[in-house]
Amino acid sequence: MYDAIIVGARCGGSPTAMLLARRGYRVLLVDRATFPSDIYKNHFVRQEGIAQLARWGLLEKVKASNCPPVRTQILDLGDFPLLLETPLSGEADAEYGPRRIVLDKILVDAAVEAGVELREGFSVLEVLTENDRAIGIRGKSQQGSVVTEYANVIIGADGHHSIVASTMKAPVYNVRPVLTCGYYSYWSGVQCDKLEVYIRDRPAFLLAFPTNDGLTCLATELPLSQFAWFRTDIEGNFNRIFDLAPDIAERMHAGTREERYRGTADLPNFMRKPYGPGWALVGDAGYHKDPFTARGVSDAFRDAELLANAVDEALSGKRTFEKAMATYERKRNEEAMPGYDETCAMASFLPVPPQAFEWRRQLRAEQVGRAVLVASEQ
């Protein structure tokens, strides 16, 4: 009998397992993947997520993974590229874009080091219930044997197609339509040391950032209506979209694509009630939004911490399970809703308001003025 069984060992599941194990709970963590392994998901970690990695003692491992720091951003709305400094402080002195094959392995290893029992290559066949309460799982091990395990709480960290959420019929709310489709890959030989964002009125969103081993991740998002067209000629259309931003396009064409293109239109926007009798949800299982603002990883880290605190309160008897989990949902929603609304608005490719362009012109004038002043003083 475990205190908690967590289904899914990536950015939501492994941190939740690690934090519970560090508090002395007996945790079983299962995933159908084996690690290290890649996955089609965002992997740029924003400042808030970096601060959590530092707090958990894992930031140095990210830094040691040959992933360069990112301290500046280029934002180009079709008028001109504007250089923006990210206000960073403390140990979160940069943002990072570690590949999921790297980041998820760091998180899984940290969970195991904390005392979590990990079962890789484990496929959950069903979530077991008794009187509408989740009590365990039945699944197939990597060796092919079918096993049953029980726990006080079953946590779904298994993505937006969560078997835990579907079995327990978790209510869905704040639903927005699927807005975009996206493709990305990795290039060598592309000079890029910043987070580069280009928005064009095609409409199209282009993204570039440095990642592990000298590679640059290049990605594009388009309105969902463009998915069928894009798939008719993925490489050609990827090039056509990037040619809308000549600066990054020139660097991309000078480099070499090292991996296949990955793409999807499976980008729903919703929140789920993240708990019920004997079960809880974290990460994409409980809350999923378009990757436009690249906050998925950081949000999963935040919710893992919130859920671990709630489970601890429930299992230790400080509060009832219902009260602890209701607080988890309330705090999650308070933190998530502003970013959720912002992301859905941006992914809708709404016209940029004129005042935004005016603000950009003023900021660029200030930057040029400071540069001239510094040059004159030297």
Side-chain angles (χ1 to χ4, degrees), residues 42 44-50 68-89 92-97 176 179-180 182 184 190-211 216-223 226 238-253 289-296 298-299 337-378:
N42 157 58
F44 194 82
V45 187
R46 294 290 191 173
Q47 181 181 5
E48 317 89 81
I50 295 299
V70 175
R71 294 186 172 88
T72 54
Q73 174 180 331
I74 289 176
L75 178 59
D76 187 335
L77 302 184
D79 47 0
F80 51 82
L82 183 64
L83 185 66
L84 302 173
E85 299 287 339
T86 303
L88 301 166
S89 62
D93 61 347
E95 296 178 319
Y96 291 84
R176 311 285 173 82
L179 298 168
T180 70
Y184 74 93
V190 175
Q191 183 181 358
C192 179
D193 61 0
K194 303 174 181 64
L195 175 65
E196 302 185 30
V197 176
Y198 303 84
I199 298 178
R200 295 294 183 260
D201 60 7
R202 187 184 189 278
F205 170 82
L206 294 75
L207 180 70
F209 61 87
T211 187
T216 295
C217 179
L218 300 175
T220 184
E221 279 197 63
L222 303 167
Q226 299 295 299
F238 195 95
N239 290 337
R240 291 181 187 97
I241 295 299
F242 265 79
D243 285 341
L244 297 172
D247 180 47
I248 185 62
E250 181 179 355
R251 284 178 280 147
M252 179 185 76
H253 294 316
K289 64 180 179 301
D290 193 283
F292 206 98
T293 50
R295 296 193 176 276
S298 298
D299 285 357
M337 277 307 298
Y340 183 72
D341 289 338
E342 177 192 15
T343 297
C344 290
M346 294 182 69
S348 298
F349 289 102
L350 299 175
V352 178
Q355 56 267 33
F357 288 109
E358 178 60 30
W359 171 81
R360 286 168 57 81
R361 285 191 290 271
Q362 293 176 2
L363 183 56
R364 184 175 66 163
E366 292 174 6
Q367 291 177 346
V368 171
R370 286 197 298 268
V372 171
L373 179 62
V374 170
S376 65
E377 293 176 347
Q378 292 177 346

Go through the steps to decide whether R364 and F80 satisfy the test side-chain contact (heavy atoms from CB on, under 4.5 Å), and finish with yes or no. CA-CA 9 Å; R364 184 175 66 163; F80 51 82; 3.4 Å; yes
Got a second to check how far I248's CD1 is from Q191's CD, nearest 0.5 Å? 9.5 Å
Check whether any side-chain N or O of Q367 sits under 3.5 Å from a backbone N or O of L83 as a donor-acceptor pair, and report yes or no. yes
Just wondering, do L207 and E221 contact through their side chains at under 4.5 Å, heavy atoms? no
Please determine whether side-chain contact (heavy atoms from CB on, under 4.5 Å) holds for the pair F242 and L206, giving the CA-CA distance in whole Å, both sets of side-chain angles, and the decisive distance to 0.1 Å. CA-CA 7 Å; F242 265 79; L206 294 75; 3.7 Å; yes
Distance in Å, L75 CG paired with I199 CD1, rounded so as to fall on 0.5 Å steps: 6.0 Å
Smallest separation among heavy atoms of P210 and C192, with atom names: CB-O, 3.3 Å
When you check the gap from the basic side-chain N to the acidic O, do D299 and R46 get nearer than 4.0 Å? no
Would you say E48 and S298 are linked by a side-chain donor-acceptor pair, where the criterion is simply a distance under 3.5 Å? no
Under 4.5 Å between any side-chain heavy atoms of K289 and R176, yes or no? no
Mind checking the CD1-CZ spacing from I50 to F44? Nearest 0.5 Å is all I need. 8.0 Å
Donor-acceptor pair, distance only, cut-off 3.5 Å: does the side chain of R360 make one with the backbone of D79? no
Check whether any side-chain N or O of R71 sits under 3.5 Å from a backbone N or O of D93 as a donor-acceptor pair, and report yes or no. yes
If I compare all heavy atoms of A245 with all of Y198, which pair ends up nearest, and what's the gap? CB-CD2, 3.8 Å
When you look at E85 and T72, which way does the side-chain hydrogen bond (donor to acceptor under 3.5 Å, both in side chains) test go after all the steps? CA-CA 5 Å; E85 299 287 339; T72 54; 5.5 Å; no
Could you check whether any side-chain heavy atom of L179 comes within less than 4.5 Å of a side-chain heavy atom of C344, counting everything from C-beta outward? yes
Short question: side chain of T211, backbone of T216 - any donor-acceptor pair under 3.5 Å? no
Candidate pair Y184 and L218, rule side-chain contact (heavy atoms from CB on, under 4.5 Å), full reasoning: CA-CA 6 Å; Y184 74 93; L218 300 175; over 6 Å; no
Mind listing the closest non-hydrogen atom pair of Q47 and A92 along with its distance? O-CB, 4.1 Å
Check the angle between the aromatic planes of F292 and F349 and answer parallel, tilted or perpendicular using the 30° and 60° thresholds. perpendicular
Scanning both residues in full, the closest heavy-atom pair of V352 with A356 reads CG1-CB, 3.6 Å
Student check: side-chain heavy atoms of L363 and W359 closer than 4.5 Å: yes
Using the side-chain hydrogen bond (donor to acceptor under 3.5 Å, both in side chains) rule, take Y340 and E342 through it: C-alpha gap first, then chi angles, then the decisive distance, then the call. CA-CA 5 Å; Y340 183 72; E342 177 192 15; over 6 Å; no
Just verifying a value: how many Å separate F205 CZ and I241 CD1, rounded to the nearest 0.5 Å? 13.0 Å
Donor-acceptor pair, side chain of D201 and main chain of P203, under 3.5 angstrom: no
Sequence-distant partners of E358, side chain to side chain donor-acceptor pair (under 3.5 Å), two or more places apart: R361, Q362
What are the two closest non-hydrogen atoms of G78 and D76, and how far apart are they? N-OD1, 2.7 Å
I'd like to check Q73 versus E95 (side-chain heavy atoms, cut-off strictly below 4.5 Å). Are they in contact? no
Do you see a donor-acceptor pair shorter than 3.5 Å between the side chains of T343 and D290? no
Between P246 and L244, what is the shortest heavy-atom contact and its length? CD-O, 3.5 Å
